[in-house]
> 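Submitted below is the structure of interest, expressed as structure tokens.
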Amino acid sequence: MNTPACQHRKSPRGWKPYAVGAAVVAALLASTACEPAASDGADGAKPSDRPSATTSAKPGETASAKPSGTTSPKPGGTPGKPGGNGGTVSACTADDLAVSAEKEPADSKEARHLLITVQNVGDEKCDLYHYPLVRLGADARTTVPVIKDSDPDPGKPVTIAPGEEAYAALLVSGGARDEYEAKSISLTLQGHKPGSRASKPMDVPMPVTTLYADDGQLVTYWTTAEGAALDFIMSK
């Protein structure tokens with residue numbers, strides 16, 4: 001009867017210990033040959049294979065750098081307004097002001113000298129530039145010329161806070177030529193650039209029903225001193 005292939009024959013006495021011993025020696029030699037050199041590091045990994053001090057991002061995290069302490073500026077207030085990025089003051093507009101015109105003096109029979117008053121009815125300071133662009137009558141061909149030496153602080157606007165007023169004096173007639181009737185007064189605010197418009201035309205309440213204007217009409221620059229403005233026209 002043949003011995004099955006899966007069964008081992010018993011070794012002769014005295015051989016098995018030596019065979020086992022030889023196998024152990026061979027295994028030890030093999031393991032020694034496979035151990036890394038001392039220069040490779042105790043953990044068996046080469047220096048180039050070791051992980052760096054910076055660890056990889058965990059799953060679900062972004063590997064990019066964390067944001068620094070400085071964040072992008074949030075949108076500021078309305079550009080040009082106090083509290084905005086620039087902290088500047090905007091030019092006054094028609095929505096910022098209430099406007100009126102009065103005879104000077106108040107008991108005068110003729111309405112030749114007028115004081116135009118604007119009051120800041122807004123919530124912020126605003127700047128009045130140069131002088132008002134005034135038209136006397138709907139058919140006026142041009143705006144009223146300015147008295148050039150009436151600028152109280154050349155090159156600088158007049159700033160008015162909420163509730164404050166500014167003034168411009170208006171001479172309705174003085175040349176005694178080309179007289180005409182004017183039943184309306186309109187006023188346009190200028191922007192920073194001379195001649196530019198910062199507002200739509202504003203209707204100024206008439207102090208009398210009809211004004212008798214002529215080619216001698218004049219207006220002053222804006223000022224916060226009404227007396228200073230009137231001085232330029234009362235002698236004319």
Side-chain angles (χ1 to χ4, degrees), residues 80-81 89-147 150-152 157-175 178-230 232-234 236:
K81 289 283 188 181
V89 179
S90 296
C92 296
T93 67
D95 293 334
D96 298 321
L97 305 176
V99 60
S100 62
E102 297 178 352
K103 293 188 301 179
E104 291 293 336
D107 58 355
S108 174
K109 294 181 180 179
E110 296 180 332
R112 292 183 60 243
H113 306 96
L114 302 182
L115 181 67
I116 297 175
T117 303
V118 292
Q119 182 182 46
N120 186 344
V121 295
D123 297 325
E124 306 284 355
K125 291 180 180 179
C126 67
D127 283 341
L128 291 166
Y129 286 95
H130 315 299
Y131 55 92
L133 300 176
V134 178
R135 288 182 182 272
L136 296 176
D139 298 326
R141 292 170 294 183
T142 186
T143 57
V144 177
V146 69
I147 301 174
S150 66
D151 192 347
V158 172
T159 302
I160 51 175
E164 292 183 345
E165 297 179 341
Y167 312 94
L170 174 64
L171 179 65
V172 176
S173 62
D178 298 328
E179 187 177 83
Y180 67 95
E181 293 184 359
K183 296 184 179 295
S184 67
I185 305 172
S186 70
L187 179 157
T188 302
L189 302 171
Q190 295 192 67
H192 176 73
K193 183 179 180 180
S196 63
R197 267 63 171 172
S199 76
K200 59 187 178 182
M202 305 166 61
D203 291 327
V204 181
M206 291 281 287
V208 293
T209 304
T210 303
L211 293 172
Y212 295 93
D214 63 23
D215 60 349
Q217 54 194 254
L218 294 168
V219 70
T220 67
Y221 279 80
W222 291 113
T223 179
T224 54
E226 58 181 296
L230 289 170
F232 285 98
I233 67 168
M234 295 306 293
K236 298 182 182 297

> Answer whether the closest heavy-atom distance between the side chains of Asp127 and Thr159 falls below 4.5 Å.
yes
> If only atom types and distance count, is the side chain of His113 paired as donor or acceptor with the main-chain N or O of Val172 below 3.5 Å?
no
> Search all heavy atoms of Lys236 against all heavy atoms of Phe232 and return the closest pair with its distance.
CE-O, 3.1 Å
> How about Gln217 and Leu171: do any of their side-chain heavy atoms sit closer than 4.5 Å?
no
> Evaluate the side-chain proximity of Met234 to Pro105: yes if any heavy-atom separation is below 4.5 Å, no if none is.
yes
> Of all heavy-atom pairs between Ala198 and Cys92, which one has the smallest distance, and what is that distance?
CB-O, 3.8 Å
> Considering non-hydrogen atoms only, spot the tightest contact between Asp214 and Gly174 and give its length.
OD1-N, 3.0 Å
> Got a sec: does the CD of Glu110 have more than 12 other heavy atoms crowding it under 6.0 Å?
no
> Heavy-atom distance under 4.5 Å between the side chains of Tyr212 and Glu181, does that happen here?
yes
> Please say whether more than 12 non-hydrogen atoms of neighbouring residues, nucleotides or ligands are located less than 6.0 Å from CG in Asp139.
no
> Decide yes or no for Lys103 and Leu114: does some side-chain heavy atom of the first lie under 4.5 Å from some side-chain heavy atom of the second?
yes
> When you measure from the side chain of Thr223 to the backbone N and O of Ala229, does any donor-acceptor pair fall under 3.5 Å?
no
> Grab the two heavy atoms, one from Gln190 and one from His130, that are nearest each other, plus how far apart they are.
NE2-CB, 3.5 Å
> Sort out for me which residue in Pro132, Cys126, Ser199 forms a side-chain contact (heavy atoms from CB on, under 4.5 Å) with Leu189.
Ser199
> Any idea which heavy atoms bring Glu102 and Pro207 closest together, and the distance?
CA-CB, 4.3 Å
> Is the closest side-chain heavy-atom distance between Thr224 and Glu164 below 4.5 Å?
no
> Would you give the length of the straight line joining atom CZ of Arg135 to atom OG of Ser186, rounded to the nearest 0.5 angstrom?
6.5 Å
> Applying the side-chain contact (heavy atoms from CB on, under 4.5 Å) test to Leu187, which of Ile116, Val219, Leu97, Leu133 qualifies?
Ile116
> Can you tell if the side chain of Leu218 reaches within under 4.5 Å of the side chain of Val146, non-hydrogen atoms only?
no
> Please lay out, stage by stage, how Leu136 and Tyr180 fare under the test side-chain contact (heavy atoms from CB on, under 4.5 Å).
CA-CA 10 Å; Leu136 296 176; Tyr180 67 95; 3.6 Å; yes
> Indicate yes or no: at least one non-hydrogen side-chain atom of Tyr221 is less than 4.5 angstrom from one of Val158.
no
> Run the side-chain contact (heavy atoms from CB on, under 4.5 Å) test on Trp222 and Ile160 for me, step by step, so that the C-alpha distance in whole Å, both residues' side-chain angles and the decisive distance to 0.1 Å come before the verdict.
CA-CA 11 Å; Trp222 291 113; Ile160 51 175; over 6 Å; no
> Compare every heavy atom of Ile233 with every heavy atom of Ala169, then report the nearest pair and how far apart it is.
CB-CD1, 3.5 Å
